[in-house]
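Read through the structure below, which is laid out as structure tokens, and then see the notes.
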Amino acid sequence: MTLVREGPFRFRIEPQDRMRVPGVVFATEELLPQAVGDKALEQVVNVATLPGIVRASYAMPDVHWGYGFPIGGVAATDVDAGGVVSPGGVGFDISCGVRLLAAGIDRTSLAPRMRALMDLLGDTVPRGTGRGGLWKLSGRAQMEKLLVEGAGYAVECGHGVARDLERCEDRGALEGADPSHVGQRAVERGLQQVGSLGSGNHFLEVQAVEQVYDAETAAVFGLHTGQVCVMIHCGSRGLGHQVCTDHVRVMDQSLRSFGIQLPDRQLACAPVVSSPGRGYLGAMAAAANYGRANRQLLAEAARHAFAVAAKAGLDLVYDVSHNTAKIETHDVDGVPRRLCVHRKGATLALPPGHPALPEGLVESGHPVLVPGTMGTASYVMVGADGNDAFWSSAHGAGRVWSRHEALRQVRGEQLRGDLESRGISVRPSSWRGLAEEAPDAYKDVDAVARATEGAGLARMVARLVPLGVVKG
DNA sequence: ATGTTC
């Protein structure tokens with residue numbers, strides 16, 4: 001494979017063999033070797049062979065190896081020209097995403113109450129594998145309402161305020177959700193988990209705005225230097241995982257009937273307009289809405305803890321999903337086309353003035369939330385003009401060590417001590433889980449943010465630093 | 001990511 005530099009933050013993989021489009025990798029010299037080292041670029045090449053793919057197979061600066069598609073990968077297929085949809089292009093954690101809330105308190109005022117706040121959050125935020133959530137649903141009928149209405153159903157049931165929905169991507173519900181394609185096992189796994197973090201890289205952090213790069217946009221987002229924030233990173237738990245598992249199986253079995261040949265079976269897919277394609281997209285949207293309701297419930301738990309322990313409110317800045325496939329219209333070679341845009345570990349990043357932006361954010365552009373790791377910064381960015389990756393951006397730091405390697409290198413108890421000595425409170429779910437998510441297991445999020453801005457994918461608005469971590 | 005192997 002040959003990488004050709006196209007610009008200071010952009011590399012190109014020329015089409016070869018069965019690639020239908022080039023690969024485009026957004027990276028710096030410092031990030032690129034890590035991407036090459038972990039097989040992610042082979043996956044960029046594999047994705048470029050998918051039926052109906054247009055423009056390029058893209059890799060964001062935080063790209064790393066994933067199931068079939070790389071995490072940090074973006075691929076769009078032409079719906080009306082045989083384009084496919086692939087569950088591997090969304091990932092197992094459908095609608096995994098980030099929600100940021102701005103507190104009505106600054107870090108200096110919170111400091112004396114921080115211990116009590118973290119204790120309360122640690123006691124009230126459900127987390128870890130399995131276990132229960134904050135909101136027990138009564139059965140399939142209630143679940144179906146949640147799967148169609150997403151965060152809106154949570155608000156309707158008293159878990160939040162109407163304004164929250166104005167600050168959610170898609171107003172909290174992805175269109176086209178079809179619960180009839182969500183199997184009973186997925187529903188059963190989901191009934192007890194609404195309002196829970198899960199495990200892995202999921203977290204709820206108390207953060208502070210350390211630096212503002214763009215005061216005007218920060219003000220539109222409701223952020224200022226010194227302000228306390230809450231960042232929530234989680235997804236669709238067992239329900240989304242089961243939806244992915246079920247539909248990968250269906251598509252794997254239908255590949256032959258569509259005459260699709262793949263370089264990797266994990267790219268299992270079907271035409272968007274086919275029965276398995278439509279079934280998956282309906283189920284995927286439903287699972288996406290579960291993920292959005294999940295974050296809505298966790299935000300309510302954070303609001304309760306802040307009201308009690310910090311005497312402060314929390315306003316939603318934004319809620320974004322970074323694991324989705326969405327039907328969008330984009331110009332391809334000057335012609336508007338309906339595309340199925342897979343964003344797997346990639347965030348929607350609409351530029352200022354885009355007609356799909358929610359009211360109040362039309363002039364600023366779409367908020368891009370880039371969480372780091374528990375010991376490092378997170379970034380608030382905003383969509384920029386000139387983004388040819390279907391208005392997509394990075395979604396986080398990106399792993400460099402496998403979980404196994406992290407466990408070899410790091411002890412959870414030691415890590416907690418290190419973080420506490422740096423003034424970062426930690427409320428872990430398990431020592432093992434903590435060690436697997438050690439900051440050293442990830443790329444440098446500052447470098448990822450610089451590359452994201454340098455590549456023209458999004459602009460920096462603010463840098464947030466962690467004060468306390470509730471770890472999944 | 002995941003009732004971390006139906």
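Bear in mind that the values here come from a model prediction, so they are computed numbers and not experimental data. All chains are named by letter (A, B, ...) in the order of the sequence lines, taking the proteins before the strands, and each is independently numbered beginning at 1.
In this structure, A:Arg167 forms no cation-pi arrangement with A:Tyr318, as its terminal cationic atom is not both closer than 6.0 Å to the ring centre and no more than 45° off the ring axis.
Contact between the side-chain N/O atoms of A:Arg432 and the OP1/OP2 oxygens of B:dT4 is not found at any separation under 4.0 Å. Phosphate contact (OP1/OP2 of B:dA1, side-chain N/O of A:Ser199, threshold under 4.0 Å): absent.
A:Arg237 comes within contact range of the sugar-phosphate backbone alone, with a heavy-atom separation under 4.0 Å but no base atom that close. Within 4.0 Å of A:Asn201, counting heavy atoms only, lie sugar-phosphate atoms of the nucleic acid but no base atom. Using a 4.0 Å heavy-atom distance criterion, A:Gly238 is classed as a sugar-phosphate-only contact. A:Gly200 comes within contact range of the sugar-phosphate backbone alone, with a heavy-atom separation under 4.0 Å but no base atom that close.
Donor-acceptor pairing under 3.5 Å is lacking for the side chains of A:Tyr153 and A:Asn289.
In this structure, A:Arg303 contributes its side chain and A:Ala299 its backbone to no donor-acceptor pair below 3.5 Å.
Taking the nucleotide of DNA chain B with the nearest heavy atom to each of A:Arg249 and A:Asp93, the more 5' of the two is matched to A:Asp93.
Atom pair A:Glu437:CD and B:dT2:P shows a separation of 11 Å (rounding to whole Å applied). As a whole-Å value, the separation of A:Gln242 CD from B:dT2 P is 13 Å. The interatomic distance linking A:Gln193 (CD) with B:dT4 (P) rounds to 11 Å, in whole Å. Counting to the nearest Å, the P atom of B:dA1 and the OH atom of A:Tyr290 are 17 Å from each other. Atom CD in A:Glu188 sits about 16 Å away from atom P in B:dC6, given to the nearest Å. At whole-Å resolution of the value, NE2 in A:His322 and C1' in B:dA1 are 10 Å apart. A:Leu239 has its CG atom 17 Å from the P atom of B:dA1, to the nearest Å. Note: CZ (A:Arg185) to P (B:dT2) measures 16 Å, nearest angstrom.
Take A:Thr129 and apply the side chain to side chain contact (heavy atoms under 4.5 Å, CB included) test, not counting sequence neighbours, and it matches A:Ser199.
Between A:His159 and A:Trp135, the gap from one ring centroid to the other is short of 6.0 Å.
A donor and an acceptor atom sit less than 3.5 Å apart, one in the side chain of A:Thr129 and one in the base of B:dT4.
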